[in-house]
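To start, the structure under review is shown below, and the notes come after it.
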Amino acid sequence: MNQEKQLFLKTLSELQTRKKTTDRKKYGPLAEEAEALLQTYTANDGIAEIDQEALSELYFLTAELLFGNDLATRTATRSKTLANEEKTLEYYNKAIELLDKEDYSCGLWNFLSTAGHTDESIAALERFIERTGGTAKVLSLAAEYILMYADSEDTETIQKSVDYFYRAIEKEPDRYDTYWAFWTDLEEAVDVCPDLFKEALLCLNKVIELSIPETSKNHNTLGNRYFDLALLYIKMEEYSKAIEPAKKGLAVCEQSNYGKTLLAHCYHMTNQPKLAAKYYLTFANAQDVVPSEYRSEYHLYLNRYEQNNKSLWGRLKKFVSSIFKR
């Protein structure tokens, strides 16, 4: 390896290390150094002396530094623009031209979506998928992002999103992030696109499966995912199926008022008033925690409880009075 190439790689490595240890508010000087290094090694055909992989890393690093610095500035000034948008886009694209890496396309997608260029950001992911067949990560991003912005009546676009999702899980069947990311958009999408209930159930059940082991990094959210599954069944009006996940959620989160409310509602809808009352009445004197859509049911069971108590107290008083009369 010639001395010039060694110097280039050493400088690049130092910049990459400094980026990791520097707050993005202070990326400005690093971005200037990266651009100066680019100019040095791309002027006068200097590019021929450096291999494409190293040069692509420098283009990507420079783009990331400019983007990070612009984000920090935008946050500090409450601006809606990115000062170096055109130059940053150029560097991302040059990195991708030199080396077709997943990280580069994901970086370009993140930059474009943050800058508000929704169509272009999706196109960046789709180009990578067309060129390479895609990775689970990129296919998952495409599925999630397309669904996020799809019109509820645009069945063709929604189907494209679903297709990417299935391709992603085919590549990596146990990748938690794929199921979680798609679920976060399906959660609301099913309200207007009932055909997506199948994918929503698949995502939630898999998220739960992958969260069950105590060693899972998502184990602490397991109870909430059971409640999500119960609510999904409620949306499908399959109340009897919702009972089991609601009970499992409460087994994990015993004091969850939300879980008790879901379970009470399911018992109410499946004509099990005693069990419904058991859970609704845990909210006595604290009705504000009962969601508004369930509040009428809460009052129904509260009134029944109070009437039963009055009736029981009345019978007890009569019994005591009869004893004294004797």
| Passes salt bridge (charged side-chain N to carboxylate O under 4.0 Å, His left out), Glu130 versus Arg127? Steps please. | CA-CA 5 Å; Glu130 288 171 6; Arg127 285 195 298 271; over 6 Å; no
Is there a donor-acceptor pair closer than 3.5 Å between any side-chain N or O of [X] and the backbone N or O of [Y]?
X	Y	answer
His219	Ser211	yes
Ser216	Leu210	yes
Thr135	Val138	yes
Asp154	Thr157	yes
Ser256	Cys253	no

Side chains of [X] and [Y]: is there a donor and an acceptor less than 3.5 Å apart?
X	Y	result
Tyr104	Ser56	yes
Tyr166	Glu199	yes
Tyr164	Glu126	yes
Asn205	Glu209	no

Where do [X] and [Y] come nearest, in terms of heavy atoms and distance?
X	Y	answer
Tyr267	Ala276	CB-N, 3.6 Å
Leu15	Ala34	CD1-CA, 4.0 Å
Leu262	Ala230	CD1-CB, 4.4 Å
Pro173	Tyr179	O-OH, 2.5 Å
Phe197	Val190	CE2-CB, 3.6 Å
Ile146	Ser161	CG2-CB, 3.9 Å

What I'd like to find out is whether the side chain of [X] reaches to under 4.5 Å of the side chain of [Y], using heavy atoms alone.
X	Y	value
Asn69	Glu32	no
Glu172	Lys137	no
Phe227	Pro245	no
Tyr91	Glu35	yes
Leu71	Thr114	yes
Thr118	Ser113	no
Tyr233	Cys266	no
Asp177	Ser140	no

| field | From CA spacing to verdict: side chain to side chain contact (heavy atoms under 4.5 Å, CB included), Met236, Leu201 | value | CA-CA 11 Å; Met236 297 169 69; Leu201 286 171; 3.8 Å; yes
ILVMFWY cluster, [X] and [Y] together (side-chain gap under 4.5 Å):
X	Y	result
Tyr258	Tyr226	no
Leu196	Tyr149	no
Leu98	Phe60	no
Leu186	Phe165	yes
Leu30	Leu38	yes

At what distance, to the nearest 0.5 angstrom, does [atom1] of [X] lie from [atom2] of [Y]?
X	Y	atom1	atom2	result
Leu37	Thr62	CG	OG1	7.5 Å
Phe8	Ser13	CZ	OG	11.5 Å
His265	Thr270	NE2	OG1	9.5 Å
Gln272	Tyr239	CD	OH	14.0 Å
Leu9	Asp51	CG	CG	6.5 Å
Leu7	Gln3	CG	CD	7.5 Å

Count the heavy atoms belonging to other residues, nucleotides or ligands that lie under 6.0 Å from [atom1] of [X], then report whether that count exceeds 12.
X	atom1	result
Glu102	CD	yes
Lys235	NZ	yes
Gln52	CD	no

| Trp109 ring center within less than 6.0 Å of Phe128 ring center | no
Lys/Arg-Asp/Glu bridge criterion (N-O < 4.0 Å) met for [X], [Y]:
X	Y	value
Arg24	Glu64	no
Glu14	Arg18	no
Arg225	Asp228	yes
Glu90	Lys94	yes
Glu33	Lys19	no

| For Phe111, all residues meeting ring-ring contact (aromatic ring centres under 6.0 Å, His included), sequence neighbours excluded | Phe67, Tyr92
| said: Evaluate Ile96 against Arg131 for side chain to side chain contact (heavy atoms under 4.5 Å, CB included), listing each step before the verdict. | reply: CA-CA 11 Å; Ile96 291 169; Arg131 293 191 303 266; 3.7 Å; yes
| request: Could you give me the CA-CA distance, side-chain angles and deciding distance for Trp183 and Leu204, then say whether side chain to side chain contact (heavy atoms under 4.5 Å, CB included) is met? | output: CA-CA 7 Å; Trp183 158 246; Leu204 269 180; 3.6 Å; yes
| Candidate pair Asp70 and Glu85, rule side chain to side chain contact (heavy atoms under 4.5 Å, CB included), full reasoning | CA-CA 8 Å; Asp70 275 358; Glu85 185 174 320; 5.7 Å; no
| Partner of Ser79 by side-chain hydrogen bond (donor to acceptor under 3.5 Å, both in side chains), out of Thr75, Thr77, Thr81 | Thr81
